[in-house]
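Worksheet: one structure, shown below.
Just the heavy atoms: all of them, side chains too, but no hydrogens, waters or symmetry mates, feed the values below. These numbers were taken from a predicted model, which means no experiment stands behind them. Throughout, a chain's letter reflects where its sequence line sits, starting with A, and its residues are numbered from 1.
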There are 2 protein chains.
Amino acid sequence: MAYRPTARTEARRAEVRDRIVRAAFELIRRGGYREASVAAVAAGAGVATGTVYRHFPSKAELFAEVFRVASQHEVDAVAEAMAAPASVSDRIALGVETFARRALRGRRLAWALLAEPVDPAVEEERLVFRRAYAEVFASSLREGVLDGSLPPQDPDVTAVALVGAIGEVLTQPHSSDEQALVASLVRFCLRSITEESDVHRHAA
Amino acid sequence: MAYRPTARTEARRAEVRDRIVRAAFELIRRGGYREASVAAVAAGAGVATGTVYRHFPSKAELFAEVFRVASQHEVDAVAEAMAAPASVSDRIALGVETFARRALRGRRLAWALLAEPVDPAVEEERLVFRRAYAEVFASSLREGVLDGSLPPQDPDVTAVALVGAIGEVLTQPHSSDEQALVASLVRFCLRSITEESDVHRHAA
DNA sequence: GCAAGGTATGAATCGTGATTCACTTCTTGA
DNA sequence: TCAAGAAGTGAATCACGATTCATACCTTGC
């Protein structure tokens, strides 16, 4: 037993691992999953292909981690926006708007996280991601249903539907400008959680 | 010029082509796109691998056609349900319910059409498919906005959001039983197209 | 019947990109 | 300084399924 890595060596190793994750993220952010070959990741991190495999058992595991970190970041941003002291409706609106604006800023990343075809193993992370988004909305919805500020509804279904609606609108190419699109989307989401008025229900 | 296929021969050829398409569809319906290798399609159709390429220039083109036919079928079903003589809201509800029930019946097919990772060329058909769904909803929504039975809104955004919401709810695994799920989903969609009531908007 | 040309076959080829591994280089503790 | 073992290297290998193509078989019109 003539060798046992010191803290310093382990730190260096961790730094390499980190560079690999960052390089992978950068590739996804700029060109999506398709462009992100292991060779490209290695080049971006300044290491040899084989080195990637000294830190991750497979490409799928590497990108699962990248997805995990990136999507957690997004969910956190939305959750933070929704932590504001406001009514349930207003908080939902804030969440939707944050979700939308961030996605429109980094379209490629949003597409990669929300919709791009990926390995099954990575797809699993995506489901976790979408569920996490839904959960953020669901907890506010539950609160609103309980305190009566929202009409009775299944908060889980509503939350999942919201995530789907937002994702689809953001993923689909649109003509209208960003401001209008976000405004329409927020209005859609607010309508969908609040009571439909009898006036319109019977007006037709 | 000693050979020019007769009608009979062309019919036989068309029949082979048809068998290939059916086999491809059957594979997708049962195991999704992943399971549907060209070899498996050929086997299912009772022909050799190479024969597939005498009828389609590539796997992507074959499956693009399969997607086209299958999804048109779904869209038609929804459009037909919405042709009933009823109010805009009721028709939307019918459309959503039809969409949902059919998808829950053939979950694998629904997943393949709505969400499964596929070739870019096939993905294009999927976009067409989703747009077609959205358009079916959009035309009713436009009508409702014009005649005042629905509040002012961007019908295209609403329609796309509806498709996203429905797709996500159906794609995501759920605990509740089918009846309850569909009911919740229909309610969500109806709320999302009708006016939010002032009562709840200001109640919090 | 037979030449021309179409159609079917399926084993062999190809492309792509992940993964491996024999080898080199670096670290450590004695 | 040295042996043991860890980390890094990158060309070679592998896996896998789409695609090709030399060959055999049918159809047609003369």
Reckon [X] touches a base, only the sugar-phosphate, or nothing at all at heavy-atom distances under 4.0 Å?
X	result
Arg34(B)	nothing
Thr49(A)	base
Thr9(A)	sugar-phosphate

Would you find more than 12 non-hydrogen atoms of other residues, nucleotides or ligands less than 6.0 Å from Arg107(B) atom CZ?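 At most 12 heavy atoms, drawn from other residues, nucleotides or ligands, come within 6.0 Å of this atom.
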Kindly say whether Cys189(A) contributes a backbone atom to a donor-acceptor pair with the side chain of Ser192(A) at under 3.5 angstrom?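 Yes, Ser192(A) side chain to Cys189(A) backbone: donor-acceptor pair under 3.5 Å.
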Side-chain N,O ([X]) to OP1/OP2 ([N]) below 4.0 Å:
X	N	value
Thr6(B)	dT28(D)	yes
Tyr53(A)	dT19(C)	yes
Arg13(A)	dA7(D)	yes
His55(A)	dG8(D)	yes
Arg12(A)	dC26(C)	no

Could you give the CZ-to-P distance, from Arg54(A) to dA7(D), as a whole number of Å?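 After rounding, the reported distance stands at 6 Å.
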Output the rounded distance in Å from CZ (Phe63(A)) to C1' (dA18(C)).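 Going from CZ in Phe63(A) over to C1' in dA18(C) covers 12 Å.
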Aromatic centroids of Phe129(A) and Tyr133(A) separated by under 6.0 Å: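 Judged by ring-centre distance (under 6.0 Å), Tyr133(A) and Phe129(A) do meet the cut-off.
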With Arg142(B), the salt bridge (Lys or Arg N to Asp or Glu O under 4.0 Å) member among Asp147(B), Asp156(B), Asp154(B):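 The single option meeting the salt bridge (Lys or Arg N to Asp or Glu O under 4.0 Å) with Arg142(B) is Asp156(B).
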